[in-house]
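Note sheet for the following structure.
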Amino acid sequence: MTLKKIFSGVQPTGNLHLGNYIGAIKNFVELQNENNECIFCVVDLHAITVKQDPKDLKKNIRETAATFIACGIDPSKSIIFNQSSVPAHSETSWLLSCIARIGWLSRMTQFKEKAGKDKEKASVGLYVYPILMAADILLYDATHVPVGEDQKQHLELARDISKKFNNDFNAPNFFKIPEPLIHKSFARVMSLKDGEKKMSKSETSDLSRINLTDDAETIINKIKKAKTDIDPFPNDVNNLNTRPEIKNLIGIYSSLTDMKIDLLLNKFNGKNFSFFKEKLSEVVVEKISPISNEIKRLGKDPGYIDQVLSEGSKKANELSSKKVRDLKEKFGF
Ligand code: AQP
């Protein structure tokens, strides 16, 4: 089996949640454990595309790294580092912004969602964010990028940039064409309060998400309050598309237990939602509590986290500096 070269990142923008876990970090751990070459980045340069309090940012960088480790990423197998400690990311981002086309960026739906109604007031960084993401990935010759479904479009842009550069500079294979690794069955965890909106760190209501630092009581309470509807528990997969909140809760159960949806529908056939929510809480608590405890334990040892990040940065700098040198040479510098 050919091993993959994996790169992915998570923004240190606050409490990581079940969406980050199911959509991304759970897959990071599986890929690492299959012995692929893995680089996991705390993408702090991406975080500042919206205003951050510097003190919170510092704390969140450590906490995101601690969450990686608490979820099972092993610093002796995978490289863990923060983006701002490797200058090649910013440098490559500029070079690639001269390859990417404005028309490509203007189609990015995440910018439209995050900038909201007043696009004029959004930072330029938020607009060009996908170019920095392309730089992150292409710098390390990553072949595969595990992301949640919301990042698929950005990854397609990274592929377009890679192809255009290779073509413009007559340098076939200079950049790899990275493949997305997105879970097919359940790749987007939705808010517990609104099945049409994705679960997100920046959503104001804490009841909309399950944080990876939540304790058992908080998780049980949030699931109890999660929105459902008045219809009975579904017995047909085809009914789920018109019931987004139910589809989401069932998706979470299925994803954390690896139980196929049709088996799950069978298992809970005829039961009411309060019974299902009780069982779902048990599954979520069993998965999240050890992670939450480990994040808290690591939080008391910032020296260890700083050491992991510093060793990871050293390796990432070594890997990326040659690529950026070769890239500049291609441009004629
Ligand atoms: N709800 C989600 N379902 C599945 N995957 C998700 N991811 C994020 N939310 C969900 C995946 O987690 C990885 C890291 O995401 P990120 O934190 O870097 O950025 P984001 O997608 O912008 O996440 P948030 O929670 O919405 O952050 P804020 O609120 O700060 O913007 C990515 O692989 C993403 O797909």
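Both counts, for ligands and for their atoms, begin at 1 and track the order of listing. Just so you know, residue 1 is the first one in the sequence shown, and it goes up from there.
Ion pairing between Lys227 and Asp194 fails under the 4.0 Å rule for side-chain N and carboxylate O. The pair Lys224-Glu278 fails the salt-bridge criterion, with no side-chain N (NZ, NE, NH1 or NH2) lying under 4.0 Å from an Asp/Glu carboxylate O. Using a 4.0 Å cut-off between charged nitrogen and carboxylate oxygen, Glu318 and Lys315 do not count as a salt-bridge pair. The existence of a salt bridge linking Arg209 and Glu203 is excluded, since no basic side-chain nitrogen approaches an acidic carboxylate oxygen closer than 4.0 Å. A salt bridge links Glu282 with Lys279: the distance from a Lys NZ or Arg NE/NH1/NH2 to an Asp or Glu carboxylate oxygen falls below 4.0 Å. Salt bridge Lys322/Asp326: present, at least one basic N to carboxylate O contact under 4.0 Å.
In terms of N/O distances under 3.5 Å, ligand 1 is not approached by Arg188. Taking only nitrogen or oxygen atoms, main chain and side chain alike, Val189 reaches within less than 3.5 Å of ligand 1. In terms of polar-atom proximity, Ser200 is counted as a contact of ligand 1, with an N or O under 3.5 Å from an N or O of the ligand. Considering backbone and side-chain atoms alike, Met199 places an N or O below 3.5 Å from some N or O of ligand 1. For a threshold of 3.5 Å applied to N or O pairs, the pair formed by Glu149 and ligand 1 contains no separation below that value. Of the polar atoms of Gly19, at least one N or O is found under 3.5 Å from an N or O of ligand 1, judged by distance alone. Polar contact check, Gly148 against ligand 1: a nitrogen or oxygen pair lies under 3.5 Å apart. In terms of polar-atom proximity, defined here as any N/O pair under 3.5 Å, Tyr129 makes no such contact with ligand 1.
Considering only non-hydrogen protein atoms, atom 8 (C) of ligand 1 sits nearest to Asn20 ND2, 3.2 Å. Here the protein heavy atom with the shortest distance to atom 30 (O) of ligand 1 is Thr13 OG1, 2.8 Å. Nearest to atom 13 (C) of ligand 1 among the protein's heavy atoms is Ala24 CB, 3.7 Å. Ranking the protein heavy atoms by distance from atom 22 (O) of ligand 1 puts Lys114 NZ, 2.7 Å first. The shortest contact between atom 28 (P) of ligand 1 and any protein heavy atom is with Ser202 OG, 3.7 Å. Atom 35 (O) of ligand 1 has as its closest protein heavy atom Asp150 OD1, 2.6 Å. For atom 17 (O) of ligand 1, the closest non-hydrogen atom of the protein is Lys201 NZ, 2.2 Å. The protein non-hydrogen atom at the shortest distance from atom 20 (P) of ligand 1 is Lys198 NZ, 3.4 Å.
A side-chain donor-acceptor contact under 3.5 Å links Ser8 to the backbone of Pro146. At distances below 3.5 Å, at least one donor-acceptor pair connects side-chain atoms of Asp236 with backbone N or O atoms of Asn238.
Less than 4.0 angstrom separates some heavy atom of Gly23 from each of these atoms of ligand 1: 4 (C), 5 (N). Numbered from 1 in the order shown, with element, the atoms of ligand 1 that lie under 4.0 Å from a heavy atom of Gly9 read 14 (C). Close approach of ligand 1 to His17 (heavy-atom distance below 4.0 Å) involves ligand atoms 9 (N), 25 (O). Close contacts between ligand 1 and Val147 involve ligand atoms 33 (O) [criterion: under 4.0 Å to a heavy atom].
The side-chain contact (heavy atoms from CB on, under 4.5 Å) search around Ser255 returns Ile22, Lys26, Phe186, not counting sequence neighbours.
Distance check, rounded to the nearest 0.5 Å: CG of Asp206 to CG of Leu192 gives 10.0 Å. Atom-to-atom distance recorded for Ile48:CD1 and Gln11:CD is 11.0 Å, nearest 0.5 angstrom.
Residue Val50 comes nearest to Leu126 through the heavy atom pair CG1-CD1, 4.4 Å, listed as atom of the first residue, atom of the second, then distance.
Under a 4.0 angstrom heavy-atom cut-off, Val10 registers as being in contact with ligand 1.
Judged by the 6.0 Å and 45° rule, Lys323 forms a cation-pi pair with Phe174.
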